[in-house]
Q: 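Quick one: the structure is below, and I'll ask about it shortly.
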Amino acid sequence: MDFIRKQVVADGEAGTFGGRVQTRFPPEPNGFLHIGHAKSVCLNFGVAAEHGGICRLRFDDTNPAGEDAAYARGIAEDIAWLGFDPGVPLHTSEYFEQLYEWAEHLVVQGLAYVDDQDAETISAGRGDFTTPGVASPWRDRSPTENLALLRDMRAGRFGDGEKVLRARIDMTHPNMLMRDPVMYRIRHAGHFRAGDAWCIYPTYDWAHGQSDAIEGVTHSLCTLEFEGNRQLYDWYLDKLPLPGDRPRQTEFARLNLTHTVMSKRALGALIDGGLVDGWDDPRLPTLRGLRRRGYPPEAIRAFCAHIGVARVNGTHEIELLESFVRTHHNRFAQRRMAVLRPLEVVIDNWPGGHVECRRAPNNPENPADGTREVPFSGRLWIERDDFMIDPPRKFYRLAPGREVRLRAGYFLRCDDTETGPDGEVLRLRCSYDPTTGGGQAPDGRKVRATIHWVSADHAADATVALYDRLFGDPVPGADGRDPLESYNPDSRELITAAKIEPGLLETPPGSVVQFERLGYFARDTAPGEQPLFHRTVGLRDEWANIQKRRGQGA
RNA sequence: UGGCCGGUAGUUCAAUGGUAGAACGCCUGACUUUGGAUCAGGAGGCUGCAGGUUCGAGCCCUGCCCGGCCAGCCA
């Protein structure tokens with residue numbers, strides 16, 4: 001059990017919060033969710049569910065710039081897709097009036113003041129880590145004057161940036177966040193929900209704890225970078241006449257994954273720079289991207305449960321996530337055959353024109369999924385990678401004179417090759433053994449490999465997108481560099497002439513199948529001239545490992 | 001440079017002050033009509049460093065080292 005769940009259990013036993021558990025998931029609607037958010041969603045909704053409590057989705061819409069209803073809708077969709085009920089979303093903007101009343105309360109108490117300094121001056125006056133801040137010349141205005149000024153701010157009598165409301169705390173505080181933080185800034189900008197009702201907007205710090213308190217949140221879980229903000233969170237709550245229990249903030253480590261980026265800034269740069277197609281590009285760690293790529297929500301949830309929650313900032317290997325995706329699809333994905341880079345095989349001893357339907361299991365892991373029929377004929381496509389004219393050691397597949405098994409078919413021997421002017425292999429002349437239709441040779445001879453195939457006369461065409469790491473560096477942007485420096489321009493390879501077994505045409509958009517020996521592939525949802533499949537993740541590939549090791553070694 | 005928080009196999013996490021474990025990855029073998037899956041086994045650690053307290057320290061204390069966050073009218 002992680003430290004947060006232990007804490008929640010302890011609170012329950014101690015009767016803190018009257019035994020209640022209430023959490024919240026509070027994204028700002030200025031972008032879509034990524035897998036880092038998924039960790040938080042699983043934590044917040046999970047903890048609440050485990051204690052019969054509730055978890056609400058609250059949009060932290062305190063800054064009109066960049067926020068949009070489309071993002072809010074998308075976020076709610078993504079949460080539902082992940083497997084949690086977002087319910088009717090709450091909004092911080094619903095509390096603007098209450099927040100404002102509390103601000104006047106602080107002003108009256110002498111705990112907040114209107115500052116006329118501009119942003120630059122305020123920043124300079126804050127000092128730095130070693131030098132204490134200096135008081136603003138407006139710090140000692142009377143409550144009466146401050147109240148009048150705050151009302152004028154709200155009434156729109158000042159322009160953007162002319163004045164701010166600041167909490168009056170301590171300009172020499174060792175925690176920089178406590179050096180009279182800004183509570184309200186003036187923004188004459190429309191808000192996607194509140195419209196033009198306000199021209200002053202609360203900052204994150206001034207809104208967050210109060211929103212938690214208003215909703216009755218008990219455990220306010222956020223990421224580690226808000227550690228320093230907790231002191232402020234508690235200070236505001238301490239000074240206000242709250243309706244109920246005071247919520248408690250607890251921080252945990254955000255999720256980082258190797259070879260990708262999670263920050264909104266970096267994601268935005270990829271999208272705006274045209275380096276990816278959009279928020280739902282299958283290479284992105286966004287929930288929309290992962291969904292399109294074929295990552296099942298169950299696997300994402302299992303991954304989040306597995307990595308747990310702690311207070312150590314680290315980076316998880318993307319391979320771990322992928323292993324969860326494989327584990328899920330291995331159990332549920334239907335097996336099909338597809339040839340990505342076709343090489344023609346002519347079976348010379350196949351009865352001319354004859355077509356046979358071969359029966360293949362849909363999923364050997366689950367016999368209940370039954371079987372399907374796949375047409376077999378004297379002209380096939382096989383994978384170019386499955387043939388080598390001069391095979392190196394440990395290459396078990398087809399080569400001149402060598403025999404392999406065709407999956408759900410027969411043993412096949414390569415008798416001869418037809419080559420072009422540059423020595424490239426154009427076609428394989430082969431023969432099959434009619435006695436091996438059951439997968440075994442009656443004489444007991446063995447083959448080292450089983451390869452996949454598609455009947456050339458029956459195959460359908462498809463486009464297949466293969467993906468590589470979006471970033472070459474395990475940690476893009478490490479030691480302060482621009483993450484985009486390690487962007488991998490070859491992160492997507494589009495194969496437009498793949499040959500697929502005809503049954504694959506029936507695969508519903510959005511679903512994931514296994515192309516035998518190649519990996520899991522998600523059929524794209526967009527209609528197109530020919531079907532498009534995204535490779536979700538490859539299979540464990542021993543031969544690829546051998547090659548990689550050979551490339552690295554000697 | 002000040003404050004806060006961290007530091008345990010390659011990685012991410014466990015371990016009431018009492019024999020340092022798991023998962024993924026890696027290696028070997030078994031099985032197999034996917035070089036997949038499954039099963040069995042293996043390698044991998046001076047618990048950041050140095051002192052101290054204790055019968056006994058990954059855990060408590062002190063100092064040092066390394067990393068993260070904080071000087072937005074972003075969240």
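Worth knowing before you read on, the calculation uses all heavy atoms, side chains too, and leaves out hydrogens, waters and symmetry mates. Predicted, not measured: the structure shown is a model, and the values here were computed from it. Convention: sequence-line order gives letters A, B, ...; per-chain numbering from 1.
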Q: Answer yes or no as to whether B/G35 has its base stacked against A/Y396, where stacking requires a ring-centre separation under 5.5 angstrom and planes under 30 degrees apart.
A: yes
Q: Between B/U12, B/C73, B/G25, which nucleotide has the shortest distance from any of its atoms to the side chain of A/I307?
A: B/U12
Q: Which nucleotide, B/G36, B/G6, B/A23, lies nearest any side-chain atom of A/R311?
A: B/G6
Q: Using whole Å, what does the distance between atom C1' of nucleotide B/G72 and atom CZ of A/R185 come to?
A: 9 Å
Q: Using a cut-off of 4.0 Å on non-hydrogen atoms, how would the nucleic acid contact of A/G66 be classed: base, sugar-phosphate, or nothing?
A: nothing
Q: In the strands shown, is B/C59 matched to any nucleotide by a Watson-Crick or G-U wobble pair with both distances under 3.5 Å, and which?
A: none
Q: From the set B/U33, B/G36, B/C73, return the single nucleotide nearest to any side-chain atom of A/Q440.
A: B/U33
Q: Base, sugar-phosphate, or nothing: which does A/Q117 touch, judged by heavy atoms less than 4.0 Å apart?
A: base
Q: What residue among A/R407, A/R336, A/H452 forms side-chain hydrogen bond (donor to acceptor under 3.5 Å, both in side chains) with A/E516?
A: A/R407
Q: Does A/R397 make a side-chain donor-acceptor contact with the base of B/G35, cut-off 3.5 Å?
A: yes
Q: What's the CZ-C1' distance between A/R448 and B/U32, to the nearest Å?
A: 13 Å
Q: Going by ring centres under 5.5 Å and near-parallel planes (under 30°), is A/Y204 stacked on B/A75?
A: no
Q: With a sphere of 6.0 Å drawn around CZ of A/R445, does it hold more than 12 non-hydrogen atoms of other residues, nucleotides or ligands?
A: yes
Q: Would you tell me whether A/Y233 and A/D212 have side-chain atoms, one donor and one acceptor, within less than 3.5 Å of each other?
A: yes
Q: May I have the distance from A/H306 (atom NE2) to B/U12 (atom P), rounded to whole angstrom?
A: 13 Å
Q: Looking at every strand, decide which applies to A/Q514 at a 4.0 Å heavy-atom threshold: base, sugar-phosphate, or nothing.
A: base
Q: Using a 4.0 Å heavy-atom cut-off, does A/T315 contact any base of the nucleic acid, only the sugar-phosphate backbone, or nothing at all?
A: sugar-phosphate
Q: Quickly work out the A/L257 CG to B/U11 P distance and round it to whole Å.
A: 16 Å
Q: Could you work out the separation of B/C24 and B/G67 based on their C1' atoms and round it to a whole Å?
A: 24 Å
Q: Reckon A/T131 touches a base, only the sugar-phosphate, or nothing at all at heavy-atom distances under 4.0 Å?
A: nothing
Q: In this structure, how many angstroms lie between the C1' atom of B/U33 and the CZ atom of A/R358, rounded?
A: 11 Å
Q: Counting the atoms with a prime plus P, OP1 and OP2 as sugar-phosphate, which does A/Y184 contact under 4.0 Å by heavy atoms, base, sugar-phosphate, or nothing?
A: nothing
Q: Ignoring hydrogens and geometry beyond distance, is the side chain of A/E365 in donor-acceptor contact with the base of B/G36 at under 3.5 Å?
A: yes
Q: Does a sphere of radius 6.0 Å around CZ in A/R5 hold more than 12 heavy atoms from other residues, nucleotides or ligands, not counting ones at 6.0 Å or beyond?
A: yes
Q: What I want to check is whether the side chains of A/D128 and A/T130 have a donor and an acceptor closer together than 3.5 Å.
A: yes
Q: Taking for each residue the nucleotide of RNA chain B bearing the nearest heavy atom, is the 5' side occupied by A/L406 or by A/I186?
A: A/L406
Q: Report, as yes or no, whether the 6.0 Å neighbourhood of atom CZ on A/R359 holds more than 12 heavy atoms from other residues, nucleotides or ligands.
A: yes
Q: Is A/N229 touching bases, backbone alone, or none of the nucleic acid, heavy atoms closer than 4.0 Å?
A: base
Q: Between B/A75, B/U33, B/G68, which nucleotide has the shortest distance from any of its atoms to the side chain of A/R407?
A: B/U33
Q: When we call it a touch if two heavy atoms are under 4.0 Å apart, what does A/V312 touch: a base, just sugar-phosphate, or nothing?
A: sugar-phosphate
